[in-house]
Amino acid sequence: MSRFFSLKRFSSWLVLGFFILFIAWPLVQIVLTAFPEVGGKNIDVFSPKWRASFSNSLSYSLIATSCSTLLGFLLAYGNNFTQINRKFLKLN
């Protein structure tokens, strides 16, 4: 009986369900919207509005990635060359 209701089996099905719900299904919807039947409405990626949106998205993601990399480097540098880690991890 416990073989059918194990935690490993339940978590595997749960991860598969989340994958289908939040990754696979939206991708299928995007593909169906982007490549419609003949004469149907499609995504016009060459319009000026889409180009402006795409360039804004790229610039914001570049700024966020640069800030995250700089912050991570500073934290790693501080952890490596100071005694911060040893102060907070005392096991008394």
Open item on the list: Tell me whether L21 shares a hydrophobic cluster with L14, the cluster being built from Ile, Leu, Val, Met, Phe, Trp, Tyr side chains joined at under 4.5 Å.
Closed with: yes
Task: Spacing of L70 atom CG and T65 atom OG1 [to the nearest 0.5 Å] - done: 12.5 Å
Open item on the list: If the test is side-chain contact (heavy atoms from CB on, under 4.5 Å), which one of I63, T69, L62 qualifies with S66?
Closed with: L62
Open item on the list: Between W13 and I20, is there shared hydrophobic-cluster membership here, with clusters defined by ILVMFWY side-chain heavy atoms closer than 4.5 Å?
Closed with: yes
TODO: Supply the atom-to-atom distance F22 CZ to L27 CG, rounded to the nearest 0.5 angstrom.
DONE: 13.5 Å
Open item on the list: Could you check whether any side-chain heavy atom of Y77 comes within less than 4.5 Å of a side-chain heavy atom of F81, counting everything from C-beta outward?
Closed with: yes
Task: Matching residue for R51 among S53, P48, S55 - test: side-chain contact (heavy atoms from CB on, under 4.5 Å) - done: P48
TODO: Answer whether the closest heavy-atom distance between the side chains of F19 and I23 falls below 4.5 Å.
DONE: yes
